[in-house]
Colleague: 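Can you read through this structure? Questions will come right after.
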Amino acid sequence: MSDINQFSITQAVKDSFETEPGSRFETLLHGVLDHLHDATRELNITHEEWMGVLNFLYDCGQISTPERHEFILLSDVLGFSALVDMINTRGGATEGSNLGPFYLDNAPEKKLGAHLADDRDGVTVLVHGTVTDSLHKPMPGAIIDTWQADASGTYPIQEQAQGQDKMDLRGKFTADDQGRYWYTTVLPKPYTVPYDGPVGRLLKAGNRHAWRAAHLHYIVRAEGMQDITTEVFFENSEYIDNDAVFGVRKSLIAKIEPAKKADELGLETEKKPDAMFKFDFVLAPESKKR
Ligand code: BEZ
Ligand code: FE
């Protein structure tokens with residue numbers, strides 16, 4: 001019998017699995033075991049500390065429901081979601097950012113120029129831009145799927161009990177023959193990620209706030225291209241430098257301008273905007289490797 005000690009145990013655990021040599025599963029399993037065992041040794045983790053970790057994970061499971069996935073939130077506030085977005089952004093394409101918990105894949109199709117916010121209060125903003133590949137070739141027919149909070153920082157889906165329609169403030173636009181898209185909506189406000197559970201306790205323990213910088217969510221798709229999931233933020237807005245889930249990237253910050261120039265664009269809109277900004281999406285081909 002071999003003598004397992006605190007150093008040889010890592011290899012012993014790896015050897016206990018019969019994995020296909022060189023497979024992705026084996027690479028991930030061995031990598032995670034190596035890093036977690038190394039951290040456990042280096043930090044001299046005590047029984048109490050380890051039990052604290054396990055109980056924290058247990059609490060995350062207890063509070064999770066189909067609508068609330070506390071482990072995703074944990075991944076978000078610890079920067080793992082952002083890191084995975086960053087390493088999976090294709091060269092030349094728009095940077096990826098958080099999907100968040102409020103996406104619905106069956107948002108209504110809307111006409112270019114439509115107003116997304118009906119008669120909601122708030123600053124009406126014209127959002128416009130293009131969808132192209134990285135060589136600026138327009139992508140006519142690209143789908144721009146968007147969803148957002150309102151001018152008080154609430155997603156309608158969170159207020160269904162108060163009579164809100166969960167499909168409000170979301171829609172799918174199809175880019176025109178020049179790859180352009182445009183619509184009006186209300187500017188969203190910042191809001192907090194849920195902090196009444198174990199992740200909230202973690203934030204409090206580390207003196208962190210739960211606020212997200214105001215943003216619009218997008219998934220953009222086009223035939224033969226890699227989808228992008230991202231968010232657009234606003235220059236000089238609150239929490240832009242300390243978003244609770246690390247979603248902000250410099251390239252995703254739009255500059256809001258007065259609507260004065262909107263007429264010069266010649267874009268027909270259902271509602272007259274008070275302000276406007278441009279954001280261009282760039283997609284990479286499906287097969288292109290990073
Ligand atoms: C959101 O952007 O909607 C969101 C992202 C992460 C956690 C909670 C909400
Ligand atoms: Fe959001």
Side-chain angles (χ1 to χ4, degrees), residues 56 59-61 63-86 88-89 94-107 116-117 120 122-123 125 127 144-160 164-172 183 185-204 206 208-220 227-234 237-249 251-254 277 279 281:
F56 178 82
D59 291 346
C60 288
I63 204 166
S64 290
T65 64
E67 288 78 39
R68 176 171 182 170
H69 197 319
E70 195 76 357
F71 292 100
I72 295 183
L73 187 58
L74 180 61
S75 154
D76 291 342
V77 304
L78 293 181
F80 286 104
S81 305
L83 188 52
V84 173
D85 287 337
M86 288 168 190
N88 284 287
T89 290
T94 301
E95 290 190 87
S97 187
N98 301 69
L99 174 67
F102 302 124
Y103 176 62
L104 295 176
D105 62 8
N106 53 347
L116 261 199
R120 282 168 190 277
V123 175
V125 67
V127 186
I144 300 101
D145 191 351
T146 185
W147 67 106
Q148 65 169 96
D150 64 15
S152 58
T154 308
Y155 285 80
I157 197 172
Q158 295 173 290
E159 293 201 327
Q160 289 181 84
Q164 296 255 12
D165 179 350
K166 67 178 178 185
M167 288 300 175
D168 275 358
L169 287 176
R170 61 182 75 226
K172 286 182 185 154
Y183 65 97
T185 187
V186 287
L187 273 181
K189 277 270 159 45
Y191 60 86
T192 57
V193 300
Y195 60 91
D196 57 342
V199 172
R201 289 204 310 270
L202 177 68
L203 293 178
K204 262 185 226 127
R208 277 181 56 183
H209 69 73
W211 287 92
R212 293 224 56 202
H215 57 271
L216 302 172
H217 287 276
Y218 293 95
I219 294 180
V220 183
D227 299 352
I228 48 168
T229 298
T230 194
E231 300 174 280
V232 172
F233 300 86
F234 311 109
S237 63
E238 245 183 319
Y239 308 109
I240 196 80
D241 292 323
N242 54 5
D243 180 49
V245 300
F246 306 93
V248 182
R249 324 263 178 273
S251 69
L252 301 180
I253 301 178
F277 74 83
F279 192 87
F281 295 101

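The figures here come from the full heavy-atom set of this structure, side chains too, leaving out hydrogens, waters and symmetry mates. Order of appearance sets the numbers: ligands from 1, and atoms from 1 within every ligand.
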Colleague: Of Asp243, Val193, Val77, which has the heavy atom at the shortest distance from atom 8 (C) of ligand 1?
Modeller: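 When every heavy atom of Asp243, Val193, Val77 is considered, Val193 comes closest to atom 8 (C) of ligand 1.
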Colleague: Is a donor from one side chain sitting under 3.5 angstrom from an acceptor on the other, for Thr89 and Glu95?
Modeller: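 No, because no side-chain N or O of Thr89 sits under 3.5 Å from a partner of the opposite role on Glu95.
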Colleague: Restricting to pairs with a member in residues 188-199, which pass salt bridge (charged side-chain N to carboxylate O under 4.0 Å, His left out), not counting sequence neighbours?
Modeller: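 Pairs touching residues 188-199 that pass the test: Arg68-Asp196.
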Colleague: In Å, rounded to the nearest 0.5 Å, how long is the span from CG of Leu83 to CG of Leu78?
Modeller: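 Separation between the atoms: 11.5 Å.
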Colleague: Just need the protein heavy atom nearest to atom 3 (O) of ligand 1, so name the residue and atom and give the distance.
Modeller: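 Scanning the protein heavy atoms, the shortest distance from atom 3 (O) of ligand 1 goes to Tyr191 OH, 2.4 Å.
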Colleague: Taking the six-membered ring for Trp, are the ring centroids of Trp147 and Tyr103 within less than 6.0 Å of each other?
Modeller: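 Centroid distance Trp147-Tyr103: below 6.0 Å, so yes.
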Colleague: Measure the distance from atom 6 (C) of ligand 1 to every protein heavy atom, then report the residue, atom name and distance (to 0.1 Å) of the closest one.
Modeller: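 Going by distance alone, atom 6 (C) of ligand 1 is nearest to Asp76 OD2, 3.1 Å.
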Colleague: What residue and atom, counting heavy atoms only, is the protein's closest point to atom 4 (C) of ligand 1, and at what distance?
Modeller: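 The closest heavy atom on the protein side is Pro101 CD, 3.4 Å.
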Colleague: Which bit of Ile72 is near ligand 1, meaning a heavy atom under 4.0 Å away: side chain, backbone, both or neither?
Modeller: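 No part of Ile72 is near ligand 1 at this cut-off.
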Colleague: Quick check, are the ring centers of Phe277 and Phe279 under 6.0 angstrom apart?
Modeller: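 So the answer is no for these two rings.
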Colleague: Looking at Phe102, which atoms of ligand 1 are within less than 4.0 Å of one of its heavy atoms?
Modeller: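 It comes down to these atoms of ligand 1: 3 (O).
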Colleague: Which atoms of ligand 1 sit under 4.0 Å from any heavy atom of Leu73?
Modeller: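 Selected atoms, number and element: 7 (C).
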Colleague: Give the atom numbers and elements of ligand 1 that come within less than 4.0 Å of a heavy atom of Gly100.
Modeller: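 That gives atoms 1 (C), 4 (C), 5 (C) of ligand 1.
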Colleague: Salt bridge between Arg170 and Asp145, side-chain N to carboxylate O under 4.0 Å?
Modeller: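 No, this pair does not count.
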Colleague: Using 4.0 Å as the upper bound for N to carboxylate O, is an ion pair formed by Glu231 and Arg212?
Modeller: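 Judged by the 4.0 Å cut-off on N to carboxylate O distance, Arg212 and Glu231 do form a salt bridge.
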Colleague: Measuring centre to centre across the rings, with the benzene-like ring taken for any Trp, is His215 within less than 6.0 Å of Tyr239?
Modeller: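 When the ring centroids of His215 and Tyr239 are compared, they turn out to be at least 6.0 Å apart.
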Colleague: Any idea which part of Phe246 is under 4.0 Å from ligand 1, heavy-atom wise: side chain, backbone, both or neither?
Modeller: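 No part of Phe246 comes within reach of ligand 1.
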Colleague: What atoms of ligand 1 come closer than 4.0 angstrom to any heavy atom of His217?
Modeller: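 In order of number, 1 (C), 2 (O), 3 (O).
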Colleague: Which atoms of the protein, restricted to N, O or S, are nearer than 2.8 Å to the Fe ion (ligand 2)?
Modeller: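 Listed by chain and number: Tyr155 OH, Tyr191 OH, His215 NE2, His217 NE2.
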Colleague: Is the closest side-chain donor-acceptor distance between Ser81 and Ser75 under 3.5 Å?
Modeller: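 Looking only at side-chain atoms, Ser75 and Ser81 do form a donor-acceptor pair, the distance falling under 3.5 Å.
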Colleague: Side chains of Gln148 and Thr185: do they bring a donor and an acceptor to under 3.5 Å?
Modeller: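 There is such a pair between these side chains.
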Colleague: Looking only at heavy atoms, what is the nearest atom pair of Asp243 and Ala213, with distance?
Modeller: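 Looking at all heavy atoms of both residues, the closest pair is OD1-N, 3.0 Å.
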